[in-house]
**Student:** 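Here it is, the structure in full.
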Amino acid sequence: MALVPYEEGGGWAARQLHSPSATFHFASRTIRLQQDWRRLGVAAVVWDAAVVLCAYLEMEGIDLRDRSVIELGAGTGLLGIVVTLLGTKEPARVRALYSTCCAHVTITDRAAALEFLESNVQANLPPELRPRAVVKELTWGKDLHNFPPGAFDFVLGADIVYLEETFAELLQTLEHLCSERTVILLSCRIRYERDLKFLKMLRERFSVSEVHYDSSKDVHIYKAQRGSRKDDF
C-alpha cells in the first residue's frame with residue numbers, strides 16, 4: 001500500500017527488487033510483470049509473500065469459481081492476476097455446463113499505483129477474462145463508501161502489514177469488507193515486533209489461525225474470519 005522505498009538489504013534479493021521485470025508461472029500460464037522501484041518503491045515490486053500466497057491458492061486447489069474476491073495493496077498485481085486465472089480452473093464437464101462460472105476479482109491499491117497496476121493486469125489476462133478483474137482505488141479507511149459492506153467471499157493481502165500507522169485503517173477496512181462468510185487470507189513475513197502487534201489486534205476482531213508457513217521464504221499465511229468461525233474453503 002505504501003509508496004515509499006523499503007530497505008531490504010543487498011545481494012540477490014535486492015537485485016530482483018530493482019529488476020525492471022519479473023516472470024512467474026501460475027495457473028498454466030507465464031506471467032510477466034513490470035517493476036518500477038525507483039518511481040513507486042514497494043508498490044511496484046513483487047514480494048515473496050505474494051508468490052507464496054499464489055502458490056498456496058493453486059496447490060490447495062481452493063475453489064474461487066463464482067466467488068467475489070478483493071485484494072488489498074495489490075502493488076504489481078501478481079496475486080489478483082493469479083486469482084482471476086485460478087477462478088476459471090474447473091473440470092471440463094463443469095466448464096461445459098457453467099461456462100460463465102468465474103471469479104469476480106477487485107484489485108486495489110492507492111491512486112498513485114493504479115496506472116502501473118492496471119498495465120500489468122491488462123498485459124497478463126486474456127481478453128475474455130479482463131472484464132472479470134477490476135482495478136480500483138482503495139486507500140484504507142478512506143474509500144470504503146465505494147465498496148459494499150460484507151460483499152466479498154475472500155479478502156486477500158500479501159505483505160501489507162509493515163507500517164504501524166496504517167494498522168487501524170487496515171482493520172477498519174477488513175471489518176467493512178467482511179461478512180460472516182468472508183475468509184481473509186494474509187500472507188506476510190514477520191520482520192518486526194509491530195507485525196506481531198497487528199496480529200494481536202486482528203485476533204481481537206477475528207478468529208485467526210496460521211494455515212501455512214513457507215520456511216524457504218520465511219512467509220506465514222494467516223486465515224481470519226469473524227467471530228469463532230473456522231470454515232473450510
**Student:** Do Leu85 and Phe26 have side chains that approach each other closer than 4.5 Å (heavy atoms only, starting at C-beta)?
**Tutor:**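 The answer is no, as the side chains (C-beta and beyond) never meet within the 4.5 Å cut-off.
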
**Student:** Please confirm whether the backbone N or O of Ala50 pairs with a side-chain atom of Asp159, one donor and one acceptor, at under 3.5 Å?
**Tutor:**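 Absent.
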
**Student:** Give a yes or no on whether the backbone of Val46 and the side-chain of Gln35 come within a donor-acceptor separation of less than 3.5 Å.
**Tutor:**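 Checked: pair present.
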
**Student:** Is a side-chain N or O of His212 found less than 3.5 angstrom from the main chain of Val52, in a donor-acceptor match?
**Tutor:**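 No, His212 side chain to Val52 backbone: no donor-acceptor pair under 3.5 Å.
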
**Student:** Considering only heavy atoms from C-beta outward, does the side chain of His220 approach that of Ile190 to under 4.5 Å?
**Tutor:**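 The answer is yes; the side chains approach within 4.5 Å.
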
**Student:** Evaluate the side-chain proximity of Asn124 to Arg29: yes if any heavy-atom separation is below 4.5 Å, no if none is.
**Tutor:**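 Not in contact.
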
**Student:** Please determine which of Asp195, Leu202, Leu196 meets the side chain to side chain contact (heavy atoms under 4.5 Å, CB included) test together with Phe198.
**Tutor:**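 Single pass found, and it is Leu202.
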
**Student:** I need the Lys142 NZ to Glu137 CD distance, nearest 0.5 Å.
**Tutor:**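 Between Lys142 NZ and Glu137 CD, I get 11.0 Å after rounding to 0.5 Å.
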
**Student:** Check whether Val134 and Leu156 end up in the same hydrophobic cluster, where Ile, Leu, Val, Met, Phe, Trp and Tyr are linked by side-chain heavy atoms less than 4.5 Å apart.
**Tutor:**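 Per the 4.5 Å side-chain linkage, Val134 and Leu156 are not co-clustered.
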
**Student:** Within a strict 4.5 Å, meaning less than it, do heavy atoms of the Asp66 and Asp153 side chains meet?
**Tutor:**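 Heavy-atom side-chain distance check fails, nothing below 4.5 Å.
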
**Student:** Counting distance only, does the side-chain N/O of Thr106 pair as donor-acceptor with the main-chain N or O of Ile70 below 3.5 Å?
**Tutor:**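 No, Thr106 side chain to Ile70 backbone: no donor-acceptor pair under 3.5 Å.
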
**Student:** Strictly distance-based, threshold 3.5 Å: is any side-chain N or O of Gln122 a donor or acceptor partner for the main-chain N or O of Arg130?
**Tutor:**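 Absent.
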
**Student:** Are the side chains of Arg226 and Glu175 in touch, meaning some heavy atoms are under 4.5 Å apart?
**Tutor:**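 Side-chain contact under 4.5 Å: yes.
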
**Student:** Before you tell me yes or no, could you show the steps for Asp214 and Val51 under side chain to side chain contact (heavy atoms under 4.5 Å, CB included), namely the whole-Å CA-CA distance, both residues' side-chain angles and the distance that decides it to 0.1 Å?
**Tutor:** CA-CA 11 Å; Asp214 186 320; Val51 178; over 6 Å; no

**Student:** Do the side chains of Val83 and Phe154 get nearer than 4.5 Å, heavy atoms only?
**Tutor:**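 Counting from C-beta outward, Phe154 and Val83 never come under 4.5 Å.
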
**Student:** For the residue pair Asp36 and Arg38, establish whether any side-chain heavy-atom pair is separated by less than 4.5 Å.
**Tutor:**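 In contact.
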
**Student:** Is there a donor-acceptor pair closer than 3.5 Å between any side-chain N or O of Glu164 and the backbone N or O of Arg194?
**Tutor:**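 No, Glu164 side chain to Arg194 backbone: no donor-acceptor pair under 3.5 Å.
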
**Student:** Taking all atoms of both residues into account, what is the closest heavy-atom pair of Thr76 and Leu117, and its distance?
**Tutor:**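 Residues Thr76 and Leu117, closest heavy atoms: C-CD1, 3.8 Å.
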
